[in-house]
Number of protein chains: 2
Amino acid sequence: MQEFDLKQEVTDKYSLRGRVFNKVREDILSGKYKENDELKEIAIGEELGVSRTPVREAFRQLELEGLIQIIPNKGAYVTGITMNDVKDIYMIRSKLEGLCAAWACEHITKEQLEEMEENIYLAKFHAERGHFEQMSELDSRFHEIMYEACNSKILEHNLRDYHQYVMRVRKKTLSTIDRSLASNAEHQAIMEAIRDKDAKRADELATLHIHNAYENMVKNGLKEAYSNE
Amino acid sequence: MQEFDLKQEVTDKYSLRGRVFNKVREDILSGKYKENDELKEIAIGEELGVSRTPVREAFRQLELEGLIQIIPNKGAYVTGITMNDVKDIYMIRSKLEGLCAAWACEHITKEQLEEMEENIYLAKFHAERGHFEQMSELDSRFHEIMYEACNSKILEHNLRDYHQYVMRVRKKTLSTIDRSLASNAEHQAIMEAIRDKDAKRADELATLHIHNAYENMVKNGLKEAYSNE
DNA sequence: TTGCGTATAATTGTATACAATCATACCACG
DNA sequence: CGTGGTATGATTGTATACAATTATACGCAA
């Protein structure tokens with residue numbers, strides 16, 4: 001009840017505010033609204049067929065999520081993610097995914113572990129064939145399972161936020177067969193460590209996994225990947 | 001401009017929404033509003049002499065900060081922090097403060113370093129005399145300087161959030177002369193490592209510092225401290 | 001007495017009207 | 001020609017009115 005459980009209310013599909021929030025968030029993350037674009041309350045409201053009130057409330061939330069910046073009496077502007085931000089997030093995630101993997105050792109359920117194994121098995125199939133869209137989905141899901149398995153609303157929420165935040169660039173990092181295969185092998189190693197309840201190893205492997213993902217991203221030209229969107 | 005810079009707008013003292021946000025936040029953190037208290041828009045509005053609109057917007061922000069939970073069509077309730085949440089946050093902070101200290105080694109300015117030294121010097125004075133209110137202030141400020149010095153908007157924002165979030169319980173952890181002195185000694189060691197640009201040592205010391213703070217809190221009866229508020 | 005259903009009150013969700021602020025353009029003046 | 005000030009329009013900030021939803025209380029029937 002009194003949990004750190006936020007996303008649920010925010011993403012409320014049945015309130016206008018929630019719909020506006022989701023739509024604008026999507027549009028920012030997908031690149032429809034670009035850095036420094038000005039978001040006007042009336043325009044967004046008309047586009048979605050709602051008044052300014054829910055739009056304004058959604059804006060306040062987007063501001064706290066760091067997706068837009070609101071300048072009083074002036075307007076709402078889309079905040080960009082700089083390359084530095086991406087780097088910072090990956091470094092932070094590296095630490096936190098390690099923690100998450102370690103905690104998952106204690107709390108993962110049999111069902112979650114089985115879904116992980118299935119995920120890895122399926123990912124191998126798609127990785128070999130260069131199905132990058134599916135790979136991206138499976139990668140997201142793998143981490144999502146781990147977030148759920150760590151049994152900490154706080155950490156789960158934090159990691160999910162970052163995961164979403166770097167979505168724009170993350171997809172690119174899996175866009176080679178080599179990296180897809182390597183990434184999946186790393187997933188398998190992490191899963192095995194968690195299965196064996198070896199928290200120390202799980203921590204190290206998950207930490208390294210994010211490090212590798214970042215290194216790979218830099219190597220494959222983060223700059224272009226980033227500026228394309 | 002396009003920074004991850006949020007707090008500034010939120011704490012805008014000159015908008016009604018900002019005033020409401022700050023007031024309610026204060027009241028929650030200070031314990032005026034207790035866990036599971038229902039916050040009614042009209043009541044808060046009347047108390048501050050404003051209409052519901054700015055109150056609602058402030059509520060949305062408080063929700064994302066995790067201080068209240070909004071149940072659609074029902075109401076806003078003060079979220080409690082469970083002991084598990086506190087533990088999780090300290091574990092996460094432990095990792096991130098380490099990262100922060102390491103980064104600060106590269107980016108800290110001479111002014112920031114000097115303020116740290118001054119902070120530690122002054123804290124010694126107050127610690128010896130059992131001035132816990134001042135200690136709490138100085139402790140907050142020490143960490144704040146480090147957050148600023150790490151040169152990462154993302155990490156700074158993240159750590160500041162957690163710091164605020166556990167404010168309720170954090171004050172209690174410094175409420176003995178022994179812990180105050182020990183804490184300050186740890187601050188000094190961290191500062192010296194940062195001054196010497198020894199990132200590895202700074203990381204370890206900051207990590208340990210938060211660990212110690214948590215251990216101390218548990219020892220001194222987190223349970224009572226927590227349930228008192 | 002207990003249980004259910006309806007009516008009423010209270011509260012939140014949304015829309016709109018009005019006030020305040022900011023940006024722009026135009027004109028007067030040096 | 002350039003500069004400054006004012007007027008006008010656009011946009012956000014706030015208040016209020018209305019709609020929808022939820023909680024509560026009361027009455028009726030089993």
Side-chain angles (χ1 to χ4, degrees), chain A residues 1-2 5-25 27-28 33-34 36-65 67-79, chain B residues 1-2 5-25 27-28 33-34 36-65 67-79:
Chain A
M1 254 322 102
Q2 67 278 18
D5 205 344
L6 321 165
K7 204 77 21 178
Q8 274 66 4
E9 301 310 325
V10 173
T11 46
D12 178 11
K13 287 178 99 125
Y14 303 106
S15 74
L16 297 189
R17 162 177 49 91
R19 291 213 324 253
V20 174
F21 180 87
N22 283 318
K23 180 63 165 53
V24 176
R25 181 203 183 95
D27 286 346
I28 291 177
Y33 299 133
K34 297 188 181 54
N36 291 331
D37 274 5
E38 183 170 358
L39 302 181
K40 295 192 188 121
E41 297 173 356
I42 298 176
I44 305 277
E46 281 179 355
E47 192 180 333
L48 294 170
V50 301
S51 79
R52 284 176 54 215
T53 307
V55 175
R56 282 179 64 81
E57 294 185 4
F59 276 19
R60 297 295 171 265
Q61 298 186 304
L62 289 165
E63 184 189 27
L64 274 198
E65 291 251 307
L67 288 172
I68 66 176
Q69 181 186 18
I70 296 176
I71 300 175
N73 291 309
K74 197 147 173 291
Y77 301 87
V78 177
T79 58
Chain B
M1 253 327 95
Q2 67 281 17
D5 204 346
L6 322 164
K7 203 79 20 177
Q8 274 66 4
E9 299 313 322
V10 172
T11 46
D12 179 9
K13 288 177 100 127
Y14 302 107
S15 74
L16 297 188
R17 161 177 49 92
R19 291 212 323 252
V20 174
F21 179 87
N22 283 317
K23 179 63 163 54
V24 176
R25 179 204 187 94
D27 287 347
I28 292 177
Y33 299 133
K34 297 187 182 54
N36 291 332
D37 275 5
E38 183 171 358
L39 302 182
K40 295 191 187 121
E41 296 173 357
I42 298 176
I44 305 275
E46 281 179 353
E47 192 180 332
L48 295 170
V50 300
S51 79
R52 284 176 54 217
T53 308
V55 174
R56 282 179 63 82
E57 294 186 3
F59 276 20
R60 296 296 172 265
Q61 302 190 133
L62 288 164
E63 184 189 27
L64 274 198
E65 290 251 307
L67 289 172
I68 66 175
Q69 181 186 19
I70 296 176
I71 301 175
N73 289 311
K74 196 147 174 290
Y77 301 87
V78 177
T79 55

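First the proteins, then the strands, lettered A, B, ... as listed; each starts at 1.
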* Structure fact -> Interatomic distance, CZ@A/Arg56 vs CZ@B/Arg56, rounded to 0.5 Å, equals 12.0 Å
* To do: Rounded to the nearest angstrom, tell me the gap between atom NZ in B/Lys74 and atom P in C/dA9.
  => 21 Å
* Would you kindly give the CZ-to-P distance between B/Arg52 and C/dA10, to the nearest whole Å? => 15 Å
* Asked: Do A/Arg19 and A/Leu48 come close enough that some side-chain heavy atom pair is under 4.5 Å?
  -> no
* What integer distance in Å separates A/Asn73:CG from C/dA20:P? -> 12 Å
* Structure fact -> The nucleotide from D/dT11, C/dT11, D/dG13 with an atom nearest the side chain of A/Lys40 is D/dT11
* Rounded to the nearest Å, what distance is computed from the CZ atom of residue A/Arg17 to the P atom of nucleotide D/dA20? -> 18 Å
* Do any side-chain nitrogens or oxygens of A/Thr53 fall under 4.0 Å of OP1 or OP2 in C/dT14? -> no
* Asked: Rounded to whole angstroms, how far apart are CD on B/Glu57 and P on D/dG13?
  -> 7 Å
* Asked: Reckon A/Arg56 has a side-chain N or O less than 4.0 Å from the OP1 or OP2 of D/dG13?
  -> yes
* With rounding to the nearest 0.5 Å, note down the distance linking CD in A/Gln61 to CZ in A/Arg17. => 5.5 Å
* Asked: So, is A/Arg60 close to the D/dG13 phosphate, meaning a side-chain N or O under 4.0 Å from OP1 or OP2?
  -> yes
* Between D/dA20 (C1') and A/Leu16 (CG): distance, integer Å -> 11 Å
* Structure fact -> CG of A/Asp27 to CD1 of A/Ile44, rounded to nearest 0.5 Å, is 7.5 Å
* Asked: B/Tyr77 OH to C/dT12 C1': how many Å, rounded?
  -> 11 Å
* Rounded to the Å, how far apart are A/Ile42 CD1 and D/dG9 P? -> 16 Å
